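For reference, the structure is listed below as structure tokens.
Values in this document were obtained by computation on a predicted structure and should not be read as measured data.
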Amino acid sequence: MRKLIAAINVTLDGVCDHTAVDADEELHDHYTKLIQNAGLLLYGRVTFQLMEYWKTVLAHPTGTPSMDEFAVAMDRVPKLVFSRTLKEPNWHSARIAAKSLEQEVRELKMEEGRDIFACSPSMIQQLTDLRLVDEYQLCVHPVIAGRGKLLFEHSNPNRLLLELIETRHLSSGAMVLTYIPR
């Protein structure tokens, strides 16, 4: 059985906006390793379209190893996009989900293989509400954004208790906090 891991960057005040945090070499390396070990990445349309930026880095490398390696990892791993409006994903390693989020994820978790990563706020919120997340890997950055999309802003109000199982300090001051539901 595969594990579903929610992995995302957030600010200290819970904002998950890529413009609110600084992605340095160490952060890119961290996510490259995660993605290289992933069996599948789950995205909503908005985050998926933001991630298409990495196709341009793949086509025109930056010369910064951490960014270029992240682009290669992003290109290789399969991606499943949940969208009502996107008809073609325009990325060879991506496909549009044919079933509901709950049905797709329940079936995918039953398969053998590498872990599944939910990588966008909308996916993480919905999967949390469905109680399908097995592990949360939150990279909390030492930034107070003050405004922006909160990770659990529209989540079901039912309380979910978590247990901290691992911490990792990054040189930027960010911390990767790994939790599992109790």
Side-chain angles (χ1 to χ4, degrees), residues 1-10 14-18 28 30-58 70-139 148-163 165-166 176-182:
M1 202 163 134
R2 297 161 90 176
K3 190 164 50 170
L4 177 66
I5 300 169
I8 197 161
N9 290 300
V10 295
V15 172
C16 48
D17 179 340
H18 71 281
H28 280 118
H30 167 74
Y31 281 110
T32 298
K33 286 176 189 149
L34 281 182
I35 289 170
Q36 287 172 335
N37 292 309
L40 180 66
L41 304 178
L42 304 179
Y43 286 108
R45 179 192 55 81
V46 173
T47 305
F48 174 75
Q49 289 178 317
L50 286 171
M51 296 307 285
E52 286 183 313
Y53 163 79
W54 294 103
K55 290 188 333 182
T56 64
V57 173
L58 191 65
F70 182 82
V72 169
M74 274 301 299
D75 187 56
R76 287 185 180 157
V77 69
K79 291 164 266 314
L80 183 58
V81 184
F82 291 85
S83 174
R84 292 184 200 102
T85 57
L86 190 63
K87 300 302 176 207
E88 286 296 320
N90 195 25
W91 199 334
H92 74 91
S93 57
R95 68 181 175 88
I96 305 294
K99 301 173 188 169
S100 72
L101 177 65
E102 182 174 14
Q103 188 176 3
E104 287 272 12
V105 171
R106 286 192 189 283
E107 290 175 12
L108 288 165
K109 285 180 70 169
M110 295 304 294
E111 296 173 359
E112 292 296 320
R114 293 180 173 189
D115 292 334
I116 304 161
F117 285 79
C119 305
S120 65
S122 61
M123 292 293 95
I124 293 171
Q125 286 180 19
Q126 292 173 63
L127 292 164
T128 295
D129 291 348
L130 293 166
R131 299 297 200 250
L132 290 174
V133 178
D134 299 299
E135 182 176 298
Y136 295 86
Q137 290 188 21
L138 306 178
C139 186
K149 182 180 179 68
L150 298 176
L151 179 55
F152 294 108
E153 184 172 21
H154 299 292
S155 218
N156 185 325
N158 291 332
R159 193 171 132 164
L160 176 63
L161 297 174
L162 304 173
E163 177 183 342
I165 61 167
E166 185 179 341
V176 179
L177 305 173
T178 304
Y179 294 93
I180 57 172
R182 277 200 215 166

- Task: For the pair Y136 and T128, evaluate side chain to side chain contact (heavy atoms under 4.5 Å, CB included) and give the outcome as yes or no after the intermediate values.
- Result: CA-CA 10 Å; Y136 295 86; T128 295; 2.8 Å; yes
- Task: Could you go through the side chain to side chain contact (heavy atoms under 4.5 Å, CB included) check for K79 and M74 one step at a time?
- Result: CA-CA 9 Å; K79 291 164 266 314; M74 274 301 299; 4.2 Å; yes
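- V133 pairs with exactly one of L162, L160, I180, L127 by the side-chain contact (heavy atoms from CB on, under 4.5 Å) rule, that one being L127.
- Separating the CG atom in L80 from the CD1 atom in I116 is a distance of 9.0 Å, to the nearest 0.5 Å.
- P89 and L86 get closest at one heavy-atom pair: CA-CD2, 4.3 Å.
- Summarising the geometry, atom CG belonging to L151 is positioned 6.0 Å from atom CD belonging to Q125; distances are rounded to the nearest 0.5 Å.
- In this structure, CG on L42 lies 9.5 Å from CD1 on I124, to the nearest 0.5 angstrom.
- Here the closest heavy-atom approach between residue L132 and residue L4 is recorded as O-CD2, 3.3 Å.
- N9 places none of its side-chain heavy atoms less than 4.5 Å from the side chain of H18.
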- Message: Applying side chain to side chain contact (heavy atoms under 4.5 Å, CB included) to I35 and F117, what does each step give before you reach the verdict?
- Response: CA-CA 8 Å; I35 289 170; F117 285 79; over 6 Å; no
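- Between Y43 and F48, the ring planes are tilted. Angles from 30° to 60° get that label.
- Of all heavy-atom pairs between H28 and F70, the closest is O-CD1, 4.0 Å.
- Separating the CZ atom in R45 from the CZ atom in R84 is a distance of 10.5 Å, to the nearest 0.5 Å.
- Under the 4.5 Å side-chain criterion, counting only non-hydrogen atoms from C-beta, E104 is in contact with F82.
- Look at E111 and R2 and you find a salt bridge, because one of the NZ, NE, NH1 or NH2 atoms lies within 4.0 Å of a carboxylate O, short of that distance.
- D115 places none of its side-chain heavy atoms less than 4.5 Å from the side chain of E135.
- Taking the side chain as every heavy atom from C-beta outward, I96 and K87 never approach each other to under 4.5 Å.
- Between E153 and K149, none of the side-chain N atoms (NZ, or NE/NH1/NH2) sits under 4.0 Å from a carboxylate O, so this pair counts as no salt bridge.
- Interatomic distance, CG of L108 versus CZ of R106, reported as 12.0 Å (0.5 Å rounding).
- Residue E88 places its CD atom among 12 or fewer non-hydrogen atoms of other residues, nucleotides or ligands, all under 6.0 Å distant.
- A pairwise comparison of heavy atoms in R76 and S93 identifies O-CB, 4.4 Å as the closest pair.
- Taking each heavy atom of M1 and E112 in turn, the nearest pair found is N-OE2, 3.6 Å.
- D134 is listed as a side-chain neighbour of K109, based on a closest heavy-atom distance under 4.5 Å.
- Here the closest non-hydrogen pair linking C16 and I8 is CB-CD1, 4.1 Å.
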